[in-house]
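Just so it is clear, the structure is predicted and the values come from calculations on it, not from any experiment. Order of the sequence lines fixes the chain letters, A, B, ..., with proteins taken first and strands second; residue numbering starts at 1 for each chain. Both backbone and side-chain heavy atoms feed into the values below; hydrogens, waters and symmetry mates do not.
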Number of protein chains: 2
Amino acid sequence: MQTATAYATRRDLAPNRPMTIASPAVTFPRTYPTVTFNTGAEIYAPGDKAGTFYQVEFGAVRVHRLLSDGRRQVIAFHLAGETFGFEADRTHSFFAEAVSQTGLRAISRPANDEASPELLTLALRGMLRAQEHIMMIGRQTAVERIAGFLIDMADRQGGLEYFDLPMSRLDIADYLGLTIETVSRVFAKLRSSGLIKLRSIRCVEFKKPEALRSLCA
Amino acid sequence: MQTATAYATRRDLAPNRPMTIASPAVTFPRTYPTVTFNTGAEIYAPGDKAGTFYQVEFGAVRVHRLLSDGRRQVIAFHLAGETFGFEADRTHSFFAEAVSQTGLRAISRPANDEASPELLTLALRGMLRAQEHIMMIGRQTAVERIAGFLIDMADRQGGLEYFDLPMSRLDIADYLGLTIETVSRVFAKLRSSGLIKLRSIRCVEFKKPEALRSLCA
DNA sequence: CGCACGCTTGAAGCGCGTCAAAAAAGGTGG
DNA sequence: CCACCTTTTTTGACGCGCTTCAAGCGTGCG
């Protein structure tokens, strides 16, 4: 098992991936005032006209889609400071909802799309994030997925001693392609083996960060 | 079960996704001559400097990464006419290899990234493709994944009466997060129930396209 | 208080993975 | 063209990890 560093050499066949992707430090010209969404409130839905995108001021957002029989797949979470809502098509193809009380700053997409290196950077970053997500749910076990998820969440919140999970167990399950029961069981397992501590139901503290990282495939 | 059309209304809670994403009809300024890669040849590897990207002239490309214990996840296949290789970072984070004898046209990324709406379009399309891939492997059964995969491949090759799969069963398995045995069994099942015909091991013909589509969640 | 909601825990089942071996396909040299 | 080998694919038997189904538990709020 290796440390979670970037790829050192091109022949490094089995590296750990750098899951955390730097959050954007970008400012946009045509920005609108912050709008607040209550827990569960819908930000956009499939079929809605795209064109504006959003920067999270506070709170968190989940982006997802439902299958015909009700199965739900969460595509992404977006935390404070992150940007989302840009689409390849003219309309949205997912739902976006506030996971908790959330403030968003709407940003209008430049009319002709030209001269927008910021947006390109965000799009490429979004692609990379989705690809890392595929790595996570494609071939990894439940424990590996949750360990990776917790580390990702911690890193994205600034790597504090402890951090809050803004989303429910069900949201996590639907993000990782698991059931809520499995998520709960893995949390219990990580807790009982001393890797994490649950200060409260949604507040996680890493007791053995290295051990947790070593669980990531 | 609904037809695989785009989202009609914003309250359409459980639509089938438009899996096929239109292939780019884009031409680039600084283009280099076509280079041919043999089956299995490496195009780039993690750690390689990014900056140029590629348009597939003929053949097919797989993009993947390996986990520490050898598990492999294929992130994407790229067929003739499609473009790949752009990255958020300065270096690549995946392997790209020729699935079969493949011709590529290298394209240098504009130095300052400005005024490049084409690249933005490609990045957004790549993001959408990755997101659809997440939908596929996150919550769907083996049969659903393979049905969706076959339909996607058919559409991307122009929707002919029959089409070739350029990649092996193992490649398909690693793309869908399954094992080669499961892929083989599902192919056998689809064949024995008359939904598809295998003209040869890698040549597929849809006998009941609607039935196949109805398998997609 | 008592209901509602989110979370946890237990028991049983099943879909897919694993292991093993045979069959088919493809390539090479005579 | 055939004999021979390698690689890919298929098929079978069995086991495991996760899901499913079903209660229990905790916490917050009317």
What's the [atom1]-[atom2] distance between [X] and [N], to the nearest Å?
X: A:E144; N: D:dG17; atom1: CD; atom2: P; result: 12 Å
X: A:I172; N: C:dG6; atom1: CD1; atom2: P; result: 14 Å
X: A:L178; N: C:dC7; atom1: CG; atom2: P; result: 15 Å
X: B:D69; N: C:dG17; atom1: CG; atom2: C1'; result: 14 Å
X: A:R71; N: D:dC18; atom1: CZ; atom2: P; result: 18 Å
X: A:Q140; N: C:dG17; atom1: CD; atom2: C1'; result: 16 Å
X: A:R145; N: D:dG17; atom1: CZ; atom2: C1'; result: 11 Å
X: A:R169; N: C:dC5; atom1: CZ; atom2: P; result: 19 Å

Below the 4.0 Å mark, does C:dG6 have OP1 or OP2 next to a side-chain nitrogen or oxygen of A:S168?
no
Please state whether the phosphate of C:dC16, meaning OP1 or OP2, lies under 4.0 angstrom from any side-chain nitrogen or oxygen of B:T179.
no
Students often mix this up, so state it plainly: with edges at 30° and 60°, are the rings of B:H92 and B:Y44 parallel, tilted or perpendicular?
parallel
Is the ring pair A:H78/A:F84 parallel, tilted or perpendicular, if the boundaries are 30 and 60 degrees?
parallel
Short of 4.0 Å, heavy atom to strand atom, which residues of residues 184-205 of chain B count as contacting DNA chain C?
B:R185
B:R169 charged N/C atom sitting above B:F187 aromatic ring, 6.0 Å / 45°:
yes
Of all the choices, C:dG17, D:dC18, D:dG12, which nucleotide is nearest to the side chain of B:E181 once you look at every atom?
D:dG12
Salt bridge or not for A:D155 and A:R213, using N-O below 4.0 Å?
yes
A:K207 with A:E205: basic N within carboxylate O range, under 4.0 Å
yes
Check whether any side-chain N or O of B:T102 sits under 3.5 Å from a backbone N or O of B:S100 as a donor-acceptor pair, and report yes or no.
yes
Taking atom types as modelled, find out whether B:S93 and B:E87 have a side-chain donor-acceptor pair closer than 3.5 angstrom.
yes
